[in-house]
Structure formats: structure tokens, C-alpha cells
Student: 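What follows is a single structure, and I will ask about it in a moment.
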Amino acid sequence: MFLLFFQVIKCKAAVLWGLKQPYSIEEVEVAPPKAYEVRIKILATGICRTDNNATTGAMPAKFPVIGGHEATGIVESIGEGVTTVKPGDKVIPLVVPQCGICSACKSPNSNYCEKIDVTGRGVLSDGTSRFTCKGKPVYHFMNTSTFSEYTVVEESSVVKIDAAAPPEKVCLFGCAFSTGYGAAINTGKVTPGSICAVFGLGGVGLSIIIGCKAAGASRIIGVDINPRKFERAKAVGATECINPKDYTKPISEVLKEMTDNSVGYTFEAIGHHHTMVEALASCHMNYGTSVVVGDPPASSMLTYDPMLVFTGRTWKGCIFGGWKTKNDLPKLVADYMAKKFDLDHLITHVLPFNKIKDGFDMLNKGESIRTVLTF
Ligand code: COD
Ligand code: ZN
């Protein structure tokens, strides 16, 4: 039994061989975990826009790569020295690790652990990958690579959750829900009675709406160019939804008119420069706060009128909703189990893993919020 834990595992994974190519299901070899590493059997994994951004180059990755980062799994085996999880534990892999020793982890006010991989390093701490396919190394994605029946992560990139948590739901705590909900609660610090506007009504935007509602916002205005997103946005708490394509004037002007110039908080969950600036311009010129949640395109610069900030607006950003992942995710899952949140409106499709292409097609056609793939 002990030996079995330390064998190479052959399994199915979705490999991206290069830019502008589709994820291709291949048989890969997954090496055993080294010291301070954990091998996980993935049970369910969501498809996030960031997984698609890896195919376009907007999110850096080292090719070939196994994508995926929003998942639930069971620990299959652990390397030497691992103490925080054990085989059989139900876990969530962590896009934002919590190493506990870097400057961000040591501060109570930050979560951007230095072990994060948003630059496409694609390897674990010893500089190597645990995946091979057709005799070639295949690289890791955002420390997680969950589009695989088995993956290996560092101990800092995995946390144990309630064994009873439903995997095909709580995988959303691995990205969309935590990112959006935390952006409203931790970063925006939305206040009761305030007016909020959320730009982008995908899985992240809907989770921001859930956070704004939980914080007691009186109006939550959803903004999206795809009106098919409005119904679910309203189901999770948006009080109104508007489509910029229905107006000739900038949406910041529309929002000012709709609210007697009193939008307190805006959130950008699209990842485009022009919508980041428009969201900034949409909050009140003096007391407004705007939060950048969408991942900006890699290696790009943005110009904006500094008067927008000079007059008093606060422009903030956060990654993964500001949560300290190892500390906070088990508590968020416990709140879900206590029925504090409902994730059902966020999950539009559940498909077997081998239908991954259909999941990406629906994302790109704007037909889905979250597609969850199960193994
Ligand atoms: N104006 C208004 N809405 C727009 C526009 C526009 N110009 N362009 C696109 N949209 C809408 C789309 O119609 C869509 O409904 C929505 O924006 C985006 O939704 P999705 O489903 O494509 O994307 P999500 O919800 O998966 O969001 C992902 C982000 C784009 C926010 C991505 O940048 C992200 O995940 N950022 C979080 C950063 C982070 O903390 N990451 C941790 C792991 S990813
Ligand atoms: Zn994501």
C-alpha cells in the first residue's frame, strides 16, 4: 500500500500545447510528490476565463501546460514533511498559496504570497514539473493544474476543507466565488445602504454581487454587453442591469444619472483597460471606491486621467478577493455548508471532463457562467 502511493500515475489531462490551440485530452504521467508536495485526485474543476486567457496569451503560461485552477479533490499521497493535509482529506488547490513566511503572508493586511505563479513559471519550487506527456515535460499552471485526474501541488497551495462539502459546488471557492465575494467584502469594504455597480457578469461578477448584497448595499447595478447575463445577475442580487451597447454616452454618465451621482463602489470583473477606467470614472468623484478584479492583459500599460483619482476616488485592486487562502477558505466552505451562500446560480453546466471543449465553447459564446467538469 505504501509503495502504491509513490508510483507514477498515468491519467487523463487537458494539455495546451501552445498559444491559440485548444485544450487537448491526453494521457499524462504524474510523478509522485517530492518533499513538501501533495498529489491530489481531482474530483471537480470549474472553467474560468483565466484558463481561456492562457490560450490567448493574456495570462502567461509555459507550454505545454495543463490548465485549470478552480477545483476540489482528495489527497492521494503526500511527500516528506507535509503536515497540514493527509491522504483522504478533501481539499481545494490554491491559486494564491499561503507559504506563511513571505512578507505578504506575515502581514495581516495582505494575501499576495510570493509563491504565487502569475508569470508562467510553470514549475514547482525545485524548478521542475511533475507532469510528462509523450516523453516531454508538461508545465504547471498557477500552481494548480486541475484539468487533470491527478495533480501535484506544493503544500502551501492546498487546504483541507469539510469532508462533507459537495465537490462540484465548492470547487468555486478555488476561484470565482472567493475572488468576487472577497473583492466586495474585504477590498471594497462595501457599506450598508450604499450603491454599487459591477462591470462584467461572469462567475466573478456574480460573486461580487453576492458580496455587495451580503454587505447590505441598497442598489446593485450590473453592467454587461451580453444581456443574457442579466437574469442570473438579478437572481443573485442585482437590482438593475444595463447594457453599454444600449447607450451612446459613456456608461459612467449613465450611472451618474441613474443614481443622482451617488455610486459608492464599482468593481471591474472583465479584465479590459477601458472598462477599468470607466468603472473608476463611475464611482463618486470624491468618496467613491473602484476595485480592479479583472486580470489585466499580460505586459500591458494603461493611461488614464489622473484627475479621476486626484479628486478623491480610491482605486484599489485585489487578487483572489484578498483572502489568506489557507486560513480563510475552510471558513468560507463552512459558511457555505451553513447555507450562508448559494452557489447554484453560478453553475450553469456540469459536464464530464472529456467534454471540456464544449465548456470552453460555451464560455466563449457567452452561454455559460461556470461550467464544472467532473471526473
Ligand atoms: N463591457 C461590459 N461587459 C463586458 C465587456 C465590456 N466591454 N466585455 C466583456 N464583458 C462581459 C462578458 O460578456 C462576460 O459576461 C463578463 O464580462 C466576463 O465574464 P467571464 O465569464 O468571461 O469571466 P469570469 O467571471 O470568469 O471572470 C474572470 C475575470 C475576467 C474577472 C478574470 O480576470 C479573473 O478571474 N480575475 C480575477 C483575478 C484573480 O483574482 N484571479 C484569481 C484566479 S483567476
Ligand atoms: Zn480563475
Side-chain angles (χ1 to χ4, degrees), residues 45-54 56 58-59 61 67-71 92-97 111-113 116-118 141-144 146-147 157 171-183 186-187 197-209 221-233 236 238 241-247 250-252 254-255 266-279 282 291-298 317-323 325 346-349 359-360 362-371:
T45 178
I47 296 180
C48 171
R49 171 64 57 189
T50 305
D51 300 311
N52 194 70
N53 289 348
T56 64
M59 177 70 199
H69 60 278
E70 181 182 79
I92 292 182
L94 303 173
V95 163
V96 177
N111 74 331
Y112 198 83
C113 173
I116 197 167
D117 182 6
V118 287
F141 182 61
M142 297 180 90
N143 297 309
T144 46
T146 59
F147 291 163
S157 277
C171 59
L172 265 58
F173 287 97
C175 179
F177 185 79
S178 308
T179 299
Y181 185 77
N186 300 329
T187 312
V198 179
F199 287 63
L201 303 175
V204 174
L206 262 50
S207 304
I208 296 171
I209 293 174
I221 305 169
V223 181
D224 201 299
I225 50 172
N226 180 353
R228 281 178 295 175
K229 303 290 174 105
F230 294 173
E231 192 184 328
R232 279 176 192 264
V236 297
C241 289
I242 55 174
N243 180 351
K245 289 184 174 168
D246 292 341
Y247 301 90
I251 213 70
S252 53
V254 175
L255 284 165
T266 62
F267 299 86
E268 201 276 1
I270 304 164
H272 294 169
H273 285 172
H274 68 100
T275 44
M276 289 173 190
V277 177
E278 200 52 27
S282 298
V291 184
V292 173
V293 189
D295 229 343
C318 61
I319 188 145
F320 206 79
W323 301 106
T325 48
L346 273 57
I347 302 168
T348 48
H349 303 81
F360 275 97
M362 288 188 289
L363 176 74
N364 287 320
K365 286 186 200 152
E367 291 169 0
S368 56
I369 301 290
R370 273 304 197 256
T371 296

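Atoms within each ligand, like the ligands themselves, are counted from 1 in listed order. Computation of the quantities below employed the complete heavy-atom set of this structure, encompassing side-chain atoms and omitting hydrogens, waters and symmetry-equivalent molecules.
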Student: At less than 4.0 angstrom from any non-hydrogen atom of Asn226, what atoms of ligand 1 do you find?
Tutor: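 Heavy-atom distances to Asn226 below 4.0 Å select 13 (O).
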Student: For atom 30 (C) of ligand 1, grab the closest protein heavy atom and report residue, atom and distance to one decimal in Å.
Tutor: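 Of the protein heavy atoms, Ile270 O, 3.2 Å lies nearest.
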Student: Using a cut-off of 6.0 Å, state whether more than 12 heavy atoms not belonging to Glu231 lie near its atom CD.
Tutor: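 No.
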Student: Using a heavy-atom cut-off of under 4.0 Å, does the side chain or the backbone of Ile319 touch ligand 1, or both, or neither?
Tutor: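 The answer is both, backbone and side chain.
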Student: Please confirm whether Gly366 comes under 4.0 Å of ligand 1, counting heavy atoms of the residue only.
Tutor: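 No, Gly366 has no heavy atom closer than 4.0 Å to ligand 1.
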Student: Which heavy atom of the protein is the closest neighbour of atom 19 (O) of ligand 1, given with residue, atom name and distance?
Tutor: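 Residue, atom and distance for the closest contact: Gly202 CA, 3.4 Å.
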Student: If the plane angle is over 60° it's perpendicular, under 30° parallel, otherwise tilted; pick one for Phe177 and Phe173.
Tutor: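 Ring orientation of Phe177 relative to Phe173: perpendicular.
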Student: Heavy-atom distance under 4.5 Å between the side chains of Pro297 and His273, does that happen here?
Tutor: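 Side chain of Pro297 against side chain of His273, heavy atoms only: contact under 4.5 Å found.
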Student: Decide whether Asn364 and Asn52 meet the rule of one side-chain donor and one side-chain acceptor closer than 3.5 Å.
Tutor: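 Distance-only check passes for Asn364 and Asn52.
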Student: Any N/O of Val293 closer than 3.5 Å to an N/O of ligand 1?
Tutor: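 Yes.
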Student: Flag Gly203 as yes when one of its N or O atoms lies below 3.5 Å from any N or O atom of ligand 1, and as no otherwise.
Tutor: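 So ligand 1 has an N or O lying under 3.5 Å from an N or O of Gly203.
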Student: Rounded to the nearest 0.5 Å, how far does CD1 of Ile251 lie from CD1 of Ile225?
Tutor: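 The CD1 atom of Ile225 sits 11.0 Å away from the CD1 atom of Ile251.
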Student: So which heavy atom on Ser207 is nearest to which on Leu346, and how close?
Tutor: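 In terms of heavy atoms, the two residues are closest at OG-CD2, 3.2 Å.
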Student: Looking at Thr371 and His349, would you say the former's side chain and the latter's main chain have a donor-acceptor pair under 3.5 Å?
Tutor: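 Not at all, since once roles are kept as given, no pair shorter than 3.5 Å links the two residues.
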Student: Hey, what do you get for SG (Cys113) to CG (Leu94), rounding to the nearest 0.5 Å?
Tutor: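 Answer rounded to 0.5 Å: 9.5 Å.
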Student: Provide, to 0.1 Å, the distance between atom 26 (O) of ligand 1 and the closest protein heavy atom, together with that atom's residue and name.
Tutor: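 Closest protein heavy atom to atom 26 (O) of ligand 1: Arg370 NH1, 2.8 Å.
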Student: Considering only heavy atoms from C-beta outward, does the side chain of Thr348 approach that of Arg370 to under 4.5 Å?
Tutor: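 The answer is no; the side chains never approach within 4.5 Å.
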Student: N/O of Asp295 under 3.5 Å from N/O of ligand 1, yes or no?
Tutor: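 Looking only at distances, the answer is yes, because the N/O contact criterion of under 3.5 Å is met.
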Student: Looking at Thr144, Asp51, Thr146, which hits side-chain hydrogen bond (donor to acceptor under 3.5 Å, both in side chains) with His69?
Tutor: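 With His69 as partner, side-chain hydrogen bond (donor to acceptor under 3.5 Å, both in side chains) holds for just one option, Asp51.
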Student: What part of Val96, side chain from CB on, backbone N/CA/C/O, both or neither, has a heavy atom under 4.0 Å from ligand 1?
Tutor: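 Within the 4.0 Å criterion, Val96 makes no contact with ligand 1.
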Student: Taking Glu278 for the side chain and Ser252 for the main chain, is one N or O donor matched with an acceptor at less than 3.5 Å?
Tutor: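 Yes, the answer is positive, given that a donor and an acceptor are paired below the 3.5 Å cut-off.
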Student: Tell me the protein heavy atom at minimum distance from atom 43 (C) of ligand 1, and give that distance in Å.
Tutor: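 Result for atom 43 (C) of ligand 1: Cys175 SG, 3.5 Å.
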Student: Between Glu278 and ligand 1, which part of the residue brings a heavy atom under 4.0 Å of the ligand: side chain, backbone, both or neither?
Tutor: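 Within the 4.0 Å criterion, Glu278 makes no contact with ligand 1.
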Student: For ligand 1, find out whether one of its N or O atoms is nearer than 3.5 Å to an N or O atom of Asn53.
Tutor: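 No, since none of the N or O atoms of Asn53 sits under 3.5 Å from an N or O of ligand 1.
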Student: Just to check, does Glu70 reach to within less than 4.0 Å of ligand 1 when the distance is taken from its heavy atoms?
Tutor: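 No, Glu70 has no heavy atom closer than 4.0 Å to ligand 1.
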Student: I need the nearest protein heavy-atom contact for atom 44 (S) of ligand 1: residue, atom name and distance, please.
Tutor: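 In this structure, atom 44 (S) of ligand 1 has Thr50 OG1, 3.0 Å as its nearest protein heavy atom.
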Student: Near the Zn ion (ligand 2), which protein N/O/S atoms fall under 2.8 Å?
Tutor: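 Only Cys48 SG, His69 NE2, Cys175 SG fall inside 2.8 Å of the Zn ion (ligand 2).
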Student: Considering only heavy atoms of Gly200, which atoms of ligand 1 have at least one such atom less than 4.0 Å away?
Tutor: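 In order of number, 16 (C), 17 (O).
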Student: Does any N or O of ligand 1 fall below 3.5 Å from an N or O anywhere on Arg49, backbone included?
Tutor: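 Among all N and O atoms of Arg49, at least one is under 3.5 Å from an N or O of ligand 1.
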Student: How far is atom 27 (O) of ligand 1 from the closest protein heavy atom, and which atom is that?
Tutor: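 Atom 27 (O) of ligand 1 sits closest to the protein heavy atom Val204 CG2, 3.5 Å.
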Student: How many angstroms lie between atom CD1 of Ile242 and atom OH of Tyr247, to the nearest 0.5 angstrom?
Tutor: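 So the gap between those two atoms works out to 5.0 Å.
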Student: What distance do Ser157 atom OG and Asp117 atom CG have between them, rounded to the nearest 0.5 Å?
Tutor: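 Answer rounded to 0.5 Å: 9.5 Å.
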Student: If the cut-off is 4.0 Å to any non-hydrogen atom of Thr275, which atoms of ligand 1 fall inside it?
Tutor: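 By the 4.0 Å cutoff, the relevant atoms are 1 (N), 6 (C), 7 (N).
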Student: Check this for me - ligand 1, Phe320, N or O atoms closer than 3.5 angstrom, yes or no?
Tutor: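 Such a contact does occur with ligand 1.
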Student: Tell me which protein heavy atom sits closest to atom 11 (C) of ligand 1, plus the residue, atom name and distance to 0.1 Å.
Tutor: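 Going atom by atom, the protein heavy atom closest to atom 11 (C) of ligand 1 ends up being Asp224 OD2, 3.2 Å.
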Student: Are any of the side-chain heavy atoms of Pro244 and Phe199 separated by less than 4.5 Å?
Tutor: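 No. Closest side-chain heavy atoms not under 4.5 Å.
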Student: At what distance is the nearest protein heavy atom to atom 18 (C) of ligand 1, and which residue and atom is it?
Tutor: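 For this ligand atom, the closest protein heavy atom is Ala269 O, 3.9 Å.
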Student: Which of the numbered atoms in ligand 1 are under 4.0 angstrom from any heavy atom belonging to Gly294?
Tutor: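 Once the distances to Gly294 are compared, the set is 31 (C), 33 (O), 36 (N).
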Student: Heavy-atom pairs closer than 4.0 Å: do any link ligand 1 to the side chain of Lys229, the backbone, both, or neither?
Tutor: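 Under 4.0 Å from ligand 1, Lys229 contributes side-chain atoms alone.
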Student: What's the spacing between Met142 CE and Cys175 SG if we round to 0.5 Å?
Tutor: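 Taking CE in Met142 and SG in Cys175, the distance rounds to 7.0 Å.
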Student: Taking atom 7 (N) of ligand 1 as the point of reference, which of Met142, His274, Lys245, His69 owns the nearest heavy atom?
Tutor: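 It is His274 that holds the nearest heavy atom.
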